[in-house]
Every structure is written in structure tokens, then in C-alpha cells.
Amino acid sequence: MLNKIFNPENGFWKLLGILADVLAFSVLWLLCAVTLVGLGPGTTALYDAMAHCLRKGKPGGYLRFWTSLKDNFKVALPAGLVVLAAGWGMGKLHGALYAGALTGDQTLFLCYAAYWVFFVVVCGIAAYIFPVLSRFTFGVGGLLATSVKLALAHPLTTLLLGLLTGGCILLCVEFWMWMVWLVLPYVWAWLASLLLERVFKPYMEGKI
């Protein structure tokens, strides 16, 4: 009886291990992202660890995180700053359009509604950037161009990624709860990998 309870293959311990990974990797990402400049490298490392080790059950997830963080830092940092700049611009645009929509002007209200479509598209394109870097070697320009090309070539995946990423952003903005921040980074990486690994597969021959 005790052997079954304390067996590491027991479903309870497996679930406990998954929950520990959820918290640990989310905290690692938060420690990177809270500095802002670490947003890109942290997201790249989180996705890399998720796709290679956590999703496929390979060992060494934490080592993979730090290795990816170090190896991709030079490209991921400026790419992350581009994403942050785009996010800042989207925030400013939202404020202006929201204020206009409150006036009751129908044209401004339609512009505000169109903003949310644009927001989802931008989030969808941005969601490719760091996973692409975790898989392939690019400079900053090549990384951004390739991410846009993949996003345009897979519109349904891009739409789903946009809804996923945009939804996570809105949840983090609206609910400053520790539980949200300790779960969403991991959940985003896992769900994004379900969509993106199918896109990457044709280009991954010979890669680990």
C-alpha cells in the first residue's frame, strides 16, 4: 500500500510535479519579464523549455530554460523591446479610441470596435516571435520578418494565437492576483505550443 502511495509514477505525484512546474516556470518567467528588458529572453526560454521538455516529457527542463535564456539573449532582448514598444503604442491608441467612443459618435465607436480586431491580429503575430527564436537562428530583422510571414501563411493559427495571447494580456491587466500571474505564463506557453508545433514541424527536420 505504502509502495503505491509513494511510487513516483503514482498519479498524485505526477499531478504534484506538474503543479510545481506550473509555479516554478511561471516564476522564472516573471523574474525575467519584471525587468521589461528580460521579457523577450524569458518568453523564448519558457517556450523552449515547454516545447522540448515539459510537453514531450524530456528531462532537464530547468537547465533548458537557462541555456535558452543565455543563447538567445542577444536577439531576444531587442525583439522584446520591439514588442514592448508595440504594446505601448497599442495602449495609447486604445486610450484615444476609448475616449472617442464614450462621446457617442458612431464613427468613433466603429473605430474602437475595429481596434479590437487589430489588437487580436497584432497579438497573433507577436506570439510567433519568441517561439520562432527558440527553434531557429535569426538576427532581429530576420526573426521579425519570418514571424510575420508565418503569421500570414497560417491565418487560423494566428487568429487563435491572437485570442489566446490577447486574452492572457487582458487577464493580467484586469486581475492583479498572484494566482493569475503564477499560472498564465505556463498555460500560455503550453497552449501556444499546441498551435505552433504543427506550424514548425515541416521546418524542423534534423533539429532536436
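Residue numbers start at 1 and run along the sequence shown.
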*asked:* Using the side chain to side chain donor-acceptor pair (under 3.5 Å) criterion, which residues pair with Thr157? Sequence neighbours excluded.
replied: none
_Could you work out, with side chain to side chain contact (heavy atoms under 4.5 Å, CB included) as the rule, every residue matching Ser68, not counting sequence neighbours?_
Thr44, Ala45, Asp48, Asn72
*Partners of Val82 by side chain to side chain contact (heavy atoms under 4.5 Å, CB included), sequence neighbours excluded?*
Leu144
*Tell me, do Leu93 and Phe119 make a side-chain contact under 4.5 Å, heavy atoms counted?*
no
*Can you measure from CG (Leu159) to NE2 (His154) and round to the nearest 0.5 angstrom?*
14.5 Å
*Taking all non-hydrogen atoms of both residues into account, name the closest pair between Leu163 and Val120 and its distance.*
N-CG1, 3.9 Å
*With a 4.5 Å heavy-atom cut-off, do Leu133 and Tyr47 have their side chains touching?*
no
*Leu191: what forms a side chain to side chain contact (heavy atoms under 4.5 Å, CB included) with it, not counting sequence neighbours?*
Leu164, Val187, Leu194
*Can you tell if the side chain of Thr146 reaches within under 4.5 Å of the side chain of Phe136, non-hydrogen atoms only?*
no
*Flag yes if Val122 and Leu143 sit in one hydrophobic cluster, no otherwise; membership is Ile, Leu, Val, Met, Phe, Trp, Tyr, and two members link when side-chain heavy atoms are under 4.5 Å apart.*
no
*Identify the heavy atoms of Cys168 and Leu184 that sit nearest to each other, and give their distance.*
O-CD1, 3.8 Å
*Please check if Trp188 and Leu170 belong to a single hydrophobic cluster, counting links between Ile, Leu, Val, Met, Phe, Trp and Tyr side chain heavy atoms closer than 4.5 Å.*
no
*Hey, can you tell me if Phe25 and Tyr186 have their rings parallel, tilted or perpendicular (30° and 60° cut-offs)?*
tilted
*asked:* Strictly by side-chain hydrogen bond (donor to acceptor under 3.5 Å, both in side chains), give each pair with a member in residues 123-132 just once, sequence neighbours left out.
replied: Tyr128-Thr158
*asked:* Quick check: closest heavy atoms across Glu197 and Ala51, and the distance to 0.1 Å?
replied: OE2-CB, 3.8 Å
*Check Leu77 against Val37 and note the closest heavy-atom contact, atom names and distance.*
CG-O, 3.7 Å
_Tell me if a side-chain donor or acceptor on Ser193 pairs with a main-chain N or O of Trp190 at a distance below 3.5 Å._
yes
*asked:* Side chains of Val75 and Thr137, heavy atoms from C-beta outward: is any pair under 4.5 Å?
replied: no
*Joint hydrophobic cluster, Tyr203 plus Ile129, side-chain heavy atoms closer than 4.5 Å*: yes
*Is there side-chain contact between Phe130 and Pro41, with heavy atoms separated by less than 4.5 Å?*
no
*Between Gly42 and Leu69, what is the shortest heavy-atom contact and its length?*
N-CD1, 3.7 Å
_My understanding is that a hydrophobic cluster links ILVMFWY residues whose side chain heavy atoms are under 4.5 Å apart, including indirect links. Using that, what else belongs to the cluster containing Val121?_
Ile125, Val148, Leu152
_Please check this pair: side chain of Thr67 against backbone of Arg64, looking for a donor-acceptor N/O pair closer than 3.5 Å._
no
*Compare every heavy atom of Cys123 with every heavy atom of Gly162, then report the nearest pair and how far apart it is.*
O-CB, 3.8 Å
When the side chains of residues 105-115 are checked against the rest of the protein, which donor-acceptor pairs come out under 3.5 Å, sequence neighbours left out?
from	atom 1	to	atom 2	distance (Å)
Asp105	OD1	Thr107	N	2.9
Asp105	OD1	Leu108	N	3.0
Tyr112	OH	His94	NE2	3.0
Tyr112	OH	Trp116	NE1	3.4
Tyr115	OH	Met90	O	2.9

Expected list for residues 29-36: side-chain donor-acceptor pairs under 3.5 angstrom, two or more places apart:
from	atom 1	to	atom 2	distance (Å)
Trp29	NE1	Thr43	OG1	2.9
Thr35	OG1	Cys32	O	2.7
Thr35	OG1	Gly38	N	3.1

*Which pairs, with at least one residue in residues 65-84 and sequence neighbours excluded, count as a ring-ring contact (aromatic ring centres under 6.0 Å, His included)?*
none
